[in-house]
Amino acid sequence: MSKKSIKLKVTEFDNEGGVATDYDNYAFFQSNTYQKIFAKRMHSSKYGEAVDIVGYVKIKRGDRKIYLRYHSWNTIKGTEVMLSYRNRCLLGCGSREEMKKEPEVEVSPSSWWNYFLYNNDSGIKVPFKIAAWSLAITVITSVISIIISLCGLFK
């Protein structure tokens, strides 16, 4: 277990409207859990307002892992993470029998890069990969163009 990871019990999402929902991109936590995961407070006492509360998390169970966005939810305990049915299935704990065993997952902070690169939603992952490859090709061709231009100046 890495230094910043915490163990939480998985609970079923209480507002589910079907198999595929908008909630599939989020992991729901009690707001106090933010500080445990990200090692910083949600509120800045210096400014008296909420700071950047967007966070990306990696949730791991055994050899399975998913990358989701952090979201506060008021009906959950501080020792639990609430996941949609799809995310529970991806972690191998979607069935009622598995949920009766109160499965635990390891939650650790992640980055936006991992969230977009390894997301299970192809509507997020594929456009990001296309954009990343396009950016890399643009940078490479720009460098080649500059080199060719500079070589032409010194002739």
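K36 has its side chain out of reach of V107: every pair of non-hydrogen atoms, C-beta onward, lies at least 4.5 Å apart. In this structure the side chain of F29 never reaches within 4.5 angstrom of the side chain of W73, judged on heavy atoms. Contact annotation: the side chain of E106 never approaches that of I59 to less than 4.5 Å [non-hydrogen atoms, C-beta and beyond].
Residues passing the side-chain hydrogen bond (donor to acceptor under 3.5 Å, both in side chains) test with S134: none are found, sequence neighbours excluded. Take F128 and apply the side-chain contact (heavy atoms from CB on, under 4.5 Å) test, not counting sequence neighbours, and it matches W112, W113, F116, L117. The side-chain contact (heavy atoms from CB on, under 4.5 Å) test applied to I137 returns T141, not counting sequence neighbours. N120 meets the side-chain contact (heavy atoms from CB on, under 4.5 Å) test with I66, R86, L90; sequence neighbours excluded. Remark: P127 engages no residue in a side-chain contact (heavy atoms from CB on, under 4.5 Å) (not counting sequence neighbours).
Residue pairs that meet the salt bridge (Lys or Arg N to Asp or Glu O under 4.0 Å) test with at least one member in residues 89-102, sequence neighbours left out, are K9-E102, R61-E98, E98-K101.
Interatomic distance, K65 NZ to Y118 OH, rounded to the nearest 0.5 Å: 8.0 Å. The distance from the OG1 atom of T11 to the CZ atom of R88 is 8.0 Å, given to the nearest 0.5 Å.
Under a hydrophobic clustering in which Ile, Leu, Val, Met, Phe, Trp and Tyr are joined whenever their side-chain heavy atoms come within less than 4.5 Å, directly or via other members, V126 and Y115 fall into different clusters.
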With side chain to side chain contact (heavy atoms under 4.5 Å, CB included) as the test, would you mind laying out the steps for L83 and L68 before giving the verdict? CA-CA 10 Å; L83 299 173; L68 300 170; 3.8 Å; yes
For side chain to side chain contact (heavy atoms under 4.5 Å, CB included), just list the numbers for L8 and E80, CA-CA rounded to whole Å, side-chain angles, deciding distance to a tenth of an Å, and then say yes or no. CA-CA 5 Å; L8 298 173; E80 298 175 338; 5.8 Å; no
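N119 places no side-chain N or O within 3.5 Å of a backbone atom of K125 that could act as its donor or acceptor partner. Counting only distance, with no hydrogens or angles, the side chain of R69 and the backbone of Y26 share no donor-acceptor pair below 3.5 Å.
Checked against the 6.0 Å centroid criterion, the rings of Y34 and Y70 qualify as a close aromatic pair.
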